[in-house]
Amino acid sequence: MDIKISSTLQKTLDELDRRSATGAQATLEDFKEMLDDAIDTVNNLQRNADKLTQKLATGELKDLHQVMIAVEEVNVALQLTMQIRNKIVEAYQEVMRMQV
C-alpha cells in the first residue's frame, strides 16, 4: 500500500516539476519574444527615420515635419529602450548581490 502511495505521490511530484519547468520555459520564451519584438520595432523606426532623412536630403521629400516626427519617435523609442536595459541590468546586479 505504501508503495502505491509513494508511486502516486512521485508521479504527481514529477508532473508538477514538469509543469513548472514548462511554465517557466514558456514565460522565458514569452519575455524573449517581447524583447525581440520591441528591439525590432525600434530598429524599424530607425530605418524609417534614416530613409526619410535621406529622402529629405536628396529633395525627394519636402515635408520637414514628417522627418522630424520620425526622428523624435526614434529618439523616444531609444530612450525607452535604454531605460529598460538599465532596469534589467539593475535587477541582474541586485540578484547577483543576494546571499544564498
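In what follows, residues are counted from 1 in the order of the sequence shown. Owing to the predicted nature of the structure, the values given are computational and were not obtained by experimental measurement.
- Residue V100 shares its hydrophobic cluster (ILVMFWY side chains chained together at separations under 4.5 Å) with no other residue.
- Other members of the cluster containing M82 do not exist, because no ILVMFWY side chain is joined to it at under 4.5 Å.
- Between the CG atom in L52 and the CD atom in Q54 there is a gap of 10.0 Å [rounded to 0.5 Å].
- Taking the salt bridge (charged side-chain N to carboxylate O under 4.0 Å, His left out) definition, one finds that E29 meets it with nothing, sequence neighbours left out.
- A salt bridge (charged side-chain N to carboxylate O under 4.0 Å, His left out) check over residues 67-85, counting only residues at least two apart or in different chains, returns nothing.
- Screening residues 86-100 for salt bridge (charged side-chain N to carboxylate O under 4.0 Å, His left out) gives E94-R97 as the qualifying pairs, with residues at least two apart or on separate chains.
- Considering every non-hydrogen atom in both A70 and N48, the closest pair reads CB-ND2, 4.5 Å.
- Other residues sharing a hydrophobic cluster with I84 under the 4.5 Å side-chain heavy-atom criterion for ILVMFWY residues are F31, M34, L35, L80, I88.
- For L78, the side-chain contact (heavy atoms from CB on, under 4.5 Å) test picks out V42, Q46, V74, with sequence neighbours left out.
- One finds the CG atom of N75 at 9.5 Å from the CE atom of M68 (value rounded to the nearest 0.5 Å).
- With sequence neighbours left out, the side-chain contact (heavy atoms from CB on, under 4.5 Å) criterion links D63 to H65, Q66.
- For D36, the salt bridge (charged side-chain N to carboxylate O under 4.0 Å, His left out) test picks out K32, with sequence neighbours left out.
- With sequence neighbours left out, Y92 forms a side-chain contact (heavy atoms from CB on, under 4.5 Å) with M96.
- Under a hydrophobic clustering in which Ile, Leu, Val, Met, Phe, Trp and Tyr are joined whenever their side-chain heavy atoms come within less than 4.5 Å, directly or via other members, V71 and L61 fall into the same cluster.
- When hydrophobic side chains of Ile, Leu, Val, Met, Phe, Trp and Tyr are connected at separations under 4.5 Å, V76 ends up as a singleton with no cluster partners.
- Taking N44 as the reference, R47 meet the side-chain contact (heavy atoms from CB on, under 4.5 Å) condition, with sequence neighbours excluded.
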